[in-house]
Number of protein chains: 2
Amino acid sequence: MPQKKPKNTKLTIEDIAKLAGVSKATVSYVLNDKPGVSEELRLKIKKIIEDCNYVPNSAARGLAGEKTHFIGLVIPDVSDMFYANIIRGVEKTSNKHNYLLNLYTTHGEEEKERRVIGLINSSMVDGLIIMAYYIKDNFVDFLKNEGIPFVFIDYPTKDEDIYTVVVDNETGAFEATEYLISLGHEKIAFLEGHEAAWDSKARFMGFLKALTANSIEFNPLLIEKGDFTREGGYKATKRLLEKREEFTAIFSSNDQMAIGAVRALKEKGLKVPEDVSIVGFDNIEASSIIDPPLTTVMQPIYEMGKKATEILLRLINGENIERKNFLLKTKLIKRSSCKSLK
Amino acid sequence: MPQKKPKNTKLTIEDIAKLAGVSKATVSYVLNDKPGVSEELRLKIKKIIEDCNYVPNSAARGLAGEKTHFIGLVIPDVSDMFYANIIRGVEKTSNKHNYLLNLYTTHGEEEKERRVIGLINSSMVDGLIIMAYYIKDNFVDFLKNEGIPFVFIDYPTKDEDIYTVVVDNETGAFEATEYLISLGHEKIAFLEGHEAAWDSKARFMGFLKALTANSIEFNPLLIEKGDFTREGGYKATKRLLEKREEFTAIFSSNDQMAIGAVRALKEKGLKVPEDVSIVGFDNIEASSIIDPPLTTVMQPIYEMGKKATEILLRLINGENIERKNFLLKTKLIKRSSCKSLK
DNA sequence: TATTTTTTCTTAACCGCTTCACTTTAATTA
DNA sequence: TAATTAAAGTGAAGCGGTTAAGAAAAAATA
């Protein structure tokens, strides 16, 4: 037997109105907590809604111009733990506020971008949270014109006019470096991430500032280029070792590369942390599993999703938020990959 | 300056109709590839739609009864890699077919279940993919009555009337056990998962069948209860060791427990795989990172999402699918946690 | 008490699309 | 060529809400 066809058992606002002996409009006002209904009637209608388990049709709401109670989340991918945690933050927060999620992955493809526009055009979402690498100015302009609230995650822009939630990479790197210094390390190597990555640059800046703040001279020979991959970290570390420039610690601009670095060191017979201390960045799951467990900088990923959602929801509700740029703090996770020289 | 208010630059079917000099109805027929429009006109209208970059409003479509081109995915959580991969499978597949995703997480909460019903009632989705632990019969009944197509993932039911995609846990466990046997192991311990978990049971069945198929006697002393957690695997293994019942291999019903088991063995001075071989189940990321890398059974997680979506999409398009129950094959991933006794 | 104001509730238009029933046009048949 | 049938296109209702404007009832004012 095939699945049954629509039975149209669905409750509409009309039904509720009839049950309460009032007009659709009155029910609608109750539904949206708008004035113009006596407290007594309001309560009565609310009870009926509750009893019948009635849920207003979002499509109709969207059409009629009111809130759909859906927010759209645009994200490159879901299989990456990083994004998965963002989703979780967004999802939990929006759910708490009775909002549902429209997930939208771009996989970095240009084509997908245009479809996001379709999503907006579909009056299916009340607002947008966007996290993507390929964001172009004209896309931002489009959004602005569309009049739909939106907030970007991890999109460092100079545009003072848009809401963003960004991790404070620089301070995170600063603190991690200071930690190494506090352990007595002065000859610290730095593994750069992908060239184009702004977060890699921010981390490098933090690293530099910490050296300067502690009057340690910066040694350009101890910088190696990587690409954020495990393999990249491995190769970078091998090149580093071949230079025969002395160092007692490595600050890798992400965990994947740090893991690669550990392997490269082990291969050369060097022990972590006895011979070389290592600090990573990101606190990916693997960082706690490898041997030794990696000291690293945790990004407040979940909090980013949460914060972005909170901002968006306030925006949707017409609140005015003075601050547009939110910098979220990182946290240093101390494990056993660093040794004190003192 | 606050974000600009709606400019209503949005294109409607009306606009397209005017541009083409036809009625809305005609455009609608073109949009939905329905007959009643001459080929010439159809092409002309399609071109205009293309040129204008017009995207029909899903909310209106949903309301008017046609497809919304959204599918709903109901899932317990997103931060778990397992679910994240399901999402990815669903997302990629639905995207390919021009469908967008409505994500819906339940976190195992009863309350959330009711809201799923709201989602359906909102005519926002054309179909539902559901993965949840707490599925109740009345919920299934509700879905059936609602007339909306749906398919369950990993929900082993006797109900012949609903579409499901399930992993063949039993065969997976069977193959893994046969692998150990082929290596010469006969005294194989089994670490059970959570009591209530049907997949744990299926894996145990597969394990048993493999023993029987190879005329190896089943030793009840070598079974230990766990709960699918790392800690649980650790404790179970310690209990196992205390029995002083000889064994040369462990088949753990999931990777987390297997990782715990490795730790317990190491603590007792036993080496993996020299002294004890271990096979896990799930192929979580950590399984490839630990020392030694774990031989394990990979679940086709991504494929489950993909398969479920393909079925759902066909259902949405009114196709009739004879088969209702889809069993997906696992794959044995051989790494270095098993040693041959021969 | 009559009048004005305020509160409460209703009527009806509208959002953008689909679709049934109908009209017009073109193609067939007699 | 006239009558019949099929094809192509249109008009308008309706999906389930919101909301502006108006009507009715209650409260406040004169």
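Each chain gets a letter, A, B and so on, in the order the sequences are listed, and its residues count up from 1.
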**Message:** Counting only heavy atoms and a strict 4.0 angstrom limit, can you tell me which residues of residues 17-28 of chain B come near DNA chain C?
**Reply:** B/K24, B/A25, B/S28

**Item:** Phosphate OP1/OP2 of D/dG9: any B/S38 side-chain N/O under 4.0 Å
**Value:** yes

**Message:** In this structure, how many angstroms lie between the C1' atom of C/dT18 and the CG atom of A/L63, rounded?
**Reply:** 12 Å

**Message:** Tell me every residue that passes side-chain hydrogen bond (donor to acceptor under 3.5 Å, both in side chains) with B/S23, counting only those two or more places apart in sequence or in another chain.
**Reply:** B/T26

**Prompt:** How sharply is the helix from C/dT1-D/dA30 to C/dA30-D/dT1 bent, taking the axes over five pairs at either end and rounding to 10 degrees?
**Reply:** 40°

**Item:** Length of the CG-P vector between A/D126 and D/dT18, whole Å
**Value:** 12 Å

**Mutual orientation of the aromatic rings belonging to B/F152 and B/Y155 [parallel < 30°, tilted 30-60°, perpendicular > 60°]** = tilted

**Asked** What pairs of residues pass the salt bridge (charged side-chain N to carboxylate O under 4.0 Å, His left out) test when at least one of them lies in residues 15-34 of chain B, not counting sequence neighbours?
**Response** B/D33-B/K46

**Request:** Please name all residues satisfying salt bridge (Lys or Arg N to Asp or Glu O under 4.0 Å) with B/R88, sequence neighbours left out, ordered by chain then number.
**Result:** none

**Asked** Any donor and acceptor pair, going by atom type alone, linking the side chain of A/D126 with main-chain N or O of A/T68 inside 3.5 Å?
**Response** yes

**Request:** Applying salt bridge (Lys or Arg N to Asp or Glu O under 4.0 Å), name anything that partners A/D141, two or more places apart in sequence or on another chain.
**Result:** none

**Item:** Rounded distance in Å - NZ (A/K67) to C1' (D/dG16)
**Value:** 18 Å

**Prompt:** Roughly how many Å is it from CG in B/D15 to P in C/dC15, rounded to a whole number?
**Reply:** 11 Å

**Asked** What residues, two or more places apart in sequence or in another chain, satisfy side-chain hydrogen bond (donor to acceptor under 3.5 Å, both in side chains) together with B/D199?
**Response** none

**Message:** Does C/dC17 have its OP1 or OP2 closer than 4.0 Å to a side-chain nitrogen or oxygen of B/Y54?
**Reply:** yes

**Message:** Rounded to whole Å, how long is the line connecting atom CD1 of B/I45 with atom P of D/dA8?
**Reply:** 13 Å

**Prompt:** Mind checking what makes salt bridge (Lys or Arg N to Asp or Glu O under 4.0 Å) contact with B/E39, not counting sequence neighbours?
**Reply:** B/R42

**Message:** From CD1 of B/I13 over to P of D/dA12, roughly how many Å is that when rounded to an integer?
**Reply:** 17 Å

**Short side-chain N/O contact to C/dT18 OP1/OP2 from B/R61, under 4.0 Å** = yes

**Item:** Interatomic distance where CD belongs to A/E14 and P belongs to C/dA12 [whole Å]
**Value:** 13 Å

**Message:** I need the CZ-C1' distance between B/R42 and D/dA7, as an integer number of Å.
**Reply:** 12 Å

**Asked** Closest to the A/N57 side chain: C/dC9, C/dC15, D/dG17?
**Response** D/dG17

**Asked** For A/F82, what residues pass the ring pair (Phe, Tyr, Trp, His ring centres under 6.0 Å) criterion, not counting sequence neighbours?
**Response** none

**Residue A/V37, side-chain heavy atoms: nucleotide from C/dC17, C/dC9, D/dG17 that is nearest** = C/dC9

Please tabulate, one pair per line, all N/O donor-acceptor pairs under 3.5 Å involving side-chain atoms of residues 311-319 of chain B, not counting sequence neighbours.
| residue | atom | partner | partner atom | Å |
| --- | --- | --- | --- | --- |
| B/R314 | NE | B/E319 | OE1 | 2.9 |
| B/N317 | ND2 | B/L313 | O | 3.1 |

**Prompt:** Would you say a side-chain N or O of B/N32 is under 4.0 Å from OP1 or OP2 of C/dT18?
**Reply:** yes

**Request:** Please say which of B/T105, B/I129, B/L101, B/I301 ends up in a side-chain contact (heavy atoms from CB on, under 4.5 Å) with B/I87.
**Result:** B/L101

Give me the distances for all protein-to-nucleotides 21-26 of chain D N/O pairs that come in under 3.5 Å?
none

**Message:** For B/D80, give me all partners under salt bridge (Lys or Arg N to Asp or Glu O under 4.0 Å), at least two apart in sequence or on another chain.
**Reply:** none

